[in-house]
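Reckoned from all heavy atoms, side chains included, excluding hydrogens, waters and symmetry mates.
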Amino acid sequence: MTEPEATALASKAQTCACGHRRDHPDVRALPRYGFGAMVLLMAGASATPKRIDYRCTRCSEVFDAATDPDERAHYR
């Protein structure tokens with residue numbers, strides 16, 4: 001695979017079928033929690049999600065996910 005093809009595939013993977021990216025107003029961040037975090041949330045404590053999924057509200061496609069600790073801490 002040539003470099004332009006790899007770049008095109010990488011940019012395509014970070015957009016939904018509509019062409020929206022993470023920062024578009026129609027894209028929602030959905031925090032995903034593990035079992036232990038859910039117990040903490042039910043007890044009234046805050047918890048850091050395991051993963052953040054990015055979903056387009058127009059086409060309902062989950063097109064990107066983040067597992068970076070700094071980005072996950074933003075949704076705590």
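Across all their heavy atoms, A47 and L41 have their closest contact at N-CD2, 4.1 Å. Between R76 and S46, the shortest heavy-atom distance links the atoms NE-OG, 3.7 Å. The minimum heavy-atom distance between I52 and A29, with the atom names listed, is CG2-CB, 3.9 Å. Taking every heavy atom of both residues into account, T15 and R21 meet most closely at CG2-CG, 3.7 Å. Between R72 and A66, the closest heavy-atom pair is CG-O, 4.2 Å. For Y54 against Y75, the heavy-atom pair with the smallest separation is OH-OH, 4.0 Å.
For the atom pair CZ of R28 and OG1 of T57, the computed distance is 5.5 Å after rounding to the nearest 0.5 Å. Taking CD of E71 as the reference point, atom OG1 of T48 lies at 13.0 Å (rounded to 0.5 Å). Residue C16 holds its SG atom at 8.5 Å from CG of D26, rounded to the nearest 0.5 Å. Between the CD atom of E61 and the SG atom of C59 there is a distance of 5.0 Å, given to the nearest 0.5 Å. Put simply, NE2 on H20 and CZ on R55 are 13.5 Å apart, with the number rounded to the nearest 0.5 Å.
Considering only heavy atoms from C-beta on, V27 comes within 4.5 Å of F63 through its side chain.
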